[in-house]
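Here is the structure we will look at.
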Amino acid sequence: MAITNEYLQRVYAQAEKRDGDQPEFLQAVREVFETLGPVVEANPQYEANGILERFIEPERAVKFRVCWVDDEGKVQVNRGYRIQFNSAIGPYKGGLRFHPTVTESVVKFLGFEQILKNSLTTLPMGGGKGGSDFDPKGKSDAEVMRFCQAFMTELQRHIGQFTDVPAGDINVGAREIGYLFGQYKRIRDEFTGVLTGKGLEWGGSLARTEATGYGLCYYTAEALDKLRGDSFEGKTVAISGSGNVAIFATEKAQALGAKVVTASDSNGYIYDPNGIQLDVVKDIKLGHRGRIKEYADRVPGSEYHEGFTGVWTVPCDIALPCATQNEIDEESAKTLVKNGCTVVCEGANMPSTPEAIAVYQANGVLYGPAKAANAGGVAVSGLEMSQNSYRLSWTFEETDEKLHDIMKDIVASSLEAAEKYGKKGDLMAGANIAGFIKVADSMVAQGAY
Ligand code: GLU
């Protein structure tokens, strides 16, 4: 696809010039700009107010040194980031990712996606993201704690319940949020909802752990119903990853009548033709932070293969990528289509390359883009913020029902926006347009700053 409008072309060229060394960020911007042509043409006030120029420039980007002492007494130095991208519709909101692949480009692409994703949830949250190149793999619990404390010692001066509310992302789960929250409280001497994904005993929300995976399935089920009159019932599903998103997507897909046959980690994938035994995956990954290979040793009839992209060679009706960015390239997309896959909905952020998306579009694949399909996680984070403000907690059922309604609403608003701007049935264009208009109108209303 191409960027069709002159204003968008000009702003994108400027981004390429300034941020030419940030491939993931440019990829995310390009994908959005390719769908916004009719929107900027119908709304000349956006160009007049420099909305797109402002939209791709973070309001604030913090980069800091994180210094911590390992178990051998040696000083380690990592890089920390917090990108406060856009606060037009609420305080900055978005997760923290700890992974050796984290760079400014990765955090900026994630923050950029988060602006539109958060807008789609209908909740008042701006876009932000952060993280570090720290690799928790192989680190002791005490090392992870010291790292988190060092990270928060700097981050705390930039965040707050009304300013910026971080949460988890890859490798940042309940354990890390606990250490981060403890350090914030220690330094600031205040107990506030400054982070989401907190433990249930200290301000967390029921259903937050399940939210991204469950939400992904609610979104997929709704899109299947609205666009094809179909459902998960009797479908074979390939899921990548074995973290929080993948585990609870598997749980909900199974509950909705599908057979999930795969799981993966950064080393390889497992294939279980009888359907994944989720209690075994949970025991390996949530129980003792093990490798997915162990599944094949424990479950007769299942297979383990090295190389995580091999998961897309497994025949399936529905693919739910829940691992990481750019995990499905053109070749994997072609293989999926050849093997009969007709639905790809994204649990991870930007898991499909632009070439893979072109393959989906050319072959009529029902494509649910990440910023819509995986918005359930941050949606329940938003509900956690509401509960913290009320100083009460809702039941699992109440929260899960709100999540379900939000995911259905995202499908509806995406389809409506797509139809209005001449892209009937296009969930990607619809998500970009619906998410963007709300933020852009708020920016116009609040004046240039
Ligand atoms: N990291 C998640 C995402 O990509 C959740 C962010 C949050 O809960 O703030 O949306």
Side-chain angles (χ1 to χ4, degrees), residues 24 28 81-87 89-99 102 106-132 155 159-161 163-174 176-177 180-181 193-199 203-216 219 241 243-249 321-325 327 345-351 368-388 399 402-403 406-407 410 431 435:
E24 294 87 359
Y81 303 90
R82 186 69 185 168
I83 305 288
Q84 299 180 328
F85 223 122
N86 192 300
S87 63
I89 63 166
Y92 310 108
K93 179 85 197 84
L96 299 169
R97 176 179 292 191
F98 294 166
H99 196 271
V102 167
V106 167
V107 181
K108 271 181 72 180
F109 113 66
L110 289 164
F112 182 76
E113 292 281 290
Q114 203 82 42
I115 305 169
L116 298 164
K117 183 193 309 198
N118 294 2
S119 167
L120 285 168
T121 66
T122 70
L123 302 173
M125 300 182 287
K129 203 86 187 193
S132 173
L155 187 69
I159 62 175
Q161 62 166 331
T163 316
D164 182 0
V165 183
D169 196 82
I170 293 175
N171 288 334
V172 178
E176 292 73 20
I177 293 294
L180 292 163
F181 186 76
V194 67
L195 297 172
T196 60
K198 298 185 291 299
S205 172
L206 284 160
R208 175 61 188 90
T209 312
E210 294 83 355
T212 315
Y214 279 21
L216 172 64
Y219 175 94
N244 194 49
V245 182
I247 285 175
F248 292 102
C322 295
T324 194
Q325 66 264 16
E327 57 170 305
C345 288
E346 300 178 331
N349 287 310
M350 205 169 76
K371 64 175 72 74
N374 78 18
V378 75
V380 176
S381 276
L383 300 178
E384 183 171 329
M385 290 166 73
S386 305
Q387 292 169 78
N388 292 165
T399 316
K402 286 184 167 60
L403 167 66
I406 288 170
M407 299 316 293
I410 292 175

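None of the values given here were measured: they were computed from a predicted structure. Atoms within a ligand are numbered from 1 in the order they appear, just like the ligands themselves.
Counting heavy atoms under 4.0 Å from ligand 1, residue Glu113 does not touch it at all. Counting heavy atoms under 4.0 Å from ligand 1, residue Asn349 touches it through the side chain alone. Residue contacts with ligand 1 for Arg97 are absent, since no atom lies close enough (heavy atoms, distance under 4.0 Å). Under 4.0 Å from ligand 1, not a single heavy atom of Glu384 appears.
At the top of the distance list for atom 5 (C) of ligand 1, counting protein heavy atoms only, stands Arg208 NH2, 3.5 Å. Nearest protein heavy-atom neighbour of atom 6 (C) of ligand 1: Gly95 N, 3.5 Å. The protein heavy-atom contact nearest to atom 3 (C) of ligand 1 is Lys117 NZ, 3.3 Å. The single protein non-hydrogen atom nearest to atom 8 (O) of ligand 1 is Ser381 OG, 2.5 Å, given as residue, atom name and distance.
Heavy-atom distances between Gly197 and ligand 1 stay at or above 4.0 Å for every pair. Note on ligand 1: Met125 sits outside its first shell, no heavy atom being nearer than 4.0 Å.
Atom numbering of ligand 1 starts at 1 in the shown order; those under 4.0 Å from a heavy atom of Gln114 are 3 (C), 4 (O), 6 (C), 10 (O). Each of the following atoms of ligand 1 lies closer than 4.0 Å to a heavy atom of Gly94: 9 (O). Applying the 4.0 Å criterion to heavy atoms of Asp169 picks out, from ligand 1, the atoms 1 (N), 2 (C), 4 (O).
With a 4.5 Å cut-off on side-chain heavy atoms, Ser132 and Tyr81 do not count as touching. The side-chain heavy atoms of Arg97 and Val106, taken from C-beta on, include a pair separated by under 4.5 Å.
Among the atoms of Lys93, some N or O lies under 3.5 angstrom from an N or O of ligand 1. Geometrically, ligand 1 and Ala167 share no nitrogen or oxygen pair separated by less than 3.5 Å.
Salt bridge absent: Asp164 and Lys93 never bring a charged side-chain N and a carboxylate O closer than 4.0 Å. In this structure, Arg208 does not pair ionically with Glu384, as no charged nitrogen and carboxylate oxygen lie closer than 4.0 Å.
Across all non-hydrogen atoms, the minimal contact from Asn374 to Thr212 is O-CG2, 3.6 Å. Here the closest non-hydrogen pair linking Glu327 and Cys322 is OE2-N, 3.6 Å. When all heavy atoms of Ile406 and Thr121 are compared, the pair lying nearest together is CG2-O, 3.6 Å.
Remark: Phe98 pairs with Phe147, Phe151 by the ring pair (Phe, Tyr, Trp, His ring centres under 6.0 Å) rule, at least two apart or across chains. With sequence neighbours left out, the side-chain contact (heavy atoms from CB on, under 4.5 Å) criterion links Ala207 to Glu210, Phe396, Thr399.
Side-chain atoms of Lys371 and Asn349 include no donor-acceptor pair closer than 3.5 Å.
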